[in-house]
K.L.:
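I have a structure here, written as structure tokens, and I will follow up with some questions on it.
So you know, we letter chains A, B, ... as the sequences are listed, proteins then strands, and number each from 1. Heavy-atom basis, side chains included; hydrogens, waters and symmetry copies ignored.
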Number of protein chains: 2
Amino acid sequence: MPRVGLTTARVAEAAAVLADEVGLEHVTLAALAQRFGVATPSLYTHVRSQADARVRVALLALEETADLVAAALAGVSGRDALAAVGGVWRAYAVAHPGRYAATRLPLDAATAASSAGPRHAELSRAAVRGYRLGEVDATHAVRLLGATFHGYAALDAAGAFGHGPPDAPSSDASFERVLDGLHATLTSWETR
Amino acid sequence: MPRVGLTTARVAEAAAVLADEVGLEHVTLAALAQRFGVATPSLYTHVRSQADARVRVALLALEETADLVAAALAGVSGRDALAAVGGVWRAYAVAHPGRYAATRLPLDAATAASSAGPRHAELSRAAVRGYRLGEVDATHAVRLLGATFHGYAALDAAGAFGHGPPDAPSSDASFERVLDGLHATLTSWETR
DNA sequence: GACTCCTTCCTACGGTCCATAGGTTTCAGC
DNA sequence: GCTGAAACCTATGGACCGTAGGAAGGAGTC
């Protein structure tokens, strides 16, 4: 029997592809094994459990999005920087719904610390650097950005913006207004 | 064998309690049946499937939160109204994590239309009424509020605000700043 | 080129759960 | 007491997770 050449990384990658195709909650080890042409238990050499496989999708997606955000942020500041970060998440959530959902998984402290999460925090701080905020205010701003962008992506993914009347404004239009709002808020962010 | 007296409503209520205790993803029909002292298949008289049970938790939670928001909004406007709506969601997400998670489930169009979702949209519109926005801008504002509050609750629930350094500002403090930001944005929300 | 041994991958298995099929019992109303 | 519609049951099949223990591929050694 020829060996397939499984590795932890290849399993994680396949899990990510599968997640995008069928949704993160349908990423089963059975389906992954079938995709590799391998018996289910063989995967346990490379992944500890089903939950572990999903966490690895999250780590992979966090790395990917961090790279995308870093690239999008190059050479821009102010509202453009906000649009860059928000745009990456919005586009990623549409293009890779399973991976995006994985980024919303709660990670334990050690895993979170060694993930690209801290890099995301750094990138967000960089995105608001142009607004010349203090240390603490920058933290608040990073949280505001994270909450807004992820909340927006989540509502969009859940179809919440499509449940209204047909003449309602488009999600794109609302997103521009959201960026306007964030920009205005950060521009005149007087310290309390 | 004495009958337990199951009804769809009682099953949904039990599912909600269970969801808060063990998490929405662990709401199994087996666990529900055990809680009632009943065989698993007996539940199918009242609920179509496991997914149906979870959707019913969502509908129940949307009703509950709509009532809470309506009560919190009574007699307030402006920033206080924003704080009222946001405060309800934040408190609910902490007090009823399983129910809250259920409110994030995607619903099909018919279910969404007959849920308390439209009432939530109406309530949010009422919350921003004091800012005297136009029809379209009000829609944008409602989306902004929804995205921000739910994104914030999600990040908080995922522990994203606890992964930072120990001297980072509290989640409560950031939330106040978020309210400030939303208030400032809506106050000077010039039409494009 | 045969040997060794680590690793990969296998079969076999037990357990939990969802969901359907079809029978039995409870109980309200007559 | 009778009847019929429920509620609730047992039996069953199927999907999946995860463990145990064995067989086989293949890299490195002599």
K.L.:
With sequence neighbours left out, what residues match Ala72(B) under side-chain contact (heavy atoms from CB on, under 4.5 Å)?
P.N.:
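Result, side-chain contact (heavy atoms from CB on, under 4.5 Å) vs Ala72(B): Ala84(B), Val88(B).
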K.L.:
Tell me which pairs pass salt bridge (Lys or Arg N to Asp or Glu O under 4.0 Å) where either residue lies in residues 40-49 of chain A, with sequence neighbours left out.
P.N.:
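Sorted pair list comes back empty.
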K.L.:
For His96(B), which residues count as a side-chain contact (heavy atoms from CB on, under 4.5 Å) partner, sequence neighbours excluded?
P.N.:
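If we apply the side-chain contact (heavy atoms from CB on, under 4.5 Å) test to His96(B), skipping adjacent residues, the hits are Asp20(B), Tyr92(B), Arg99(B).
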K.L.:
So, using side-chain contact (heavy atoms from CB on, under 4.5 Å) as the criterion, who are the partners of Ala112(A) when residues are at least two apart?
P.N.:
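Only Leu107(A), His163(B) meet the side-chain contact (heavy atoms from CB on, under 4.5 Å) criterion with Ala112(A).
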K.L.:
Listed in order of residue number, which residues of residues 25-58 of chain B have a non-hydrogen atom at under 4.0 Å from DNA chain C?
P.N.:
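The stretch gives Thr28(B), Leu29(B), Ala30(B), Pro41(B), Tyr44(B), Ser49(B), Gln50(B) as the residues lying under 4.0 Å from the strand, ordered by number.
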K.L.:
In chain order, what residues pass the side-chain contact (heavy atoms from CB on, under 4.5 Å) check against Ala168(A), with sequence neighbours excluded?
P.N.:
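Ala168(A): side-chain contact (heavy atoms from CB on, under 4.5 Å) contacts with Pro165(A), Arg143(B).
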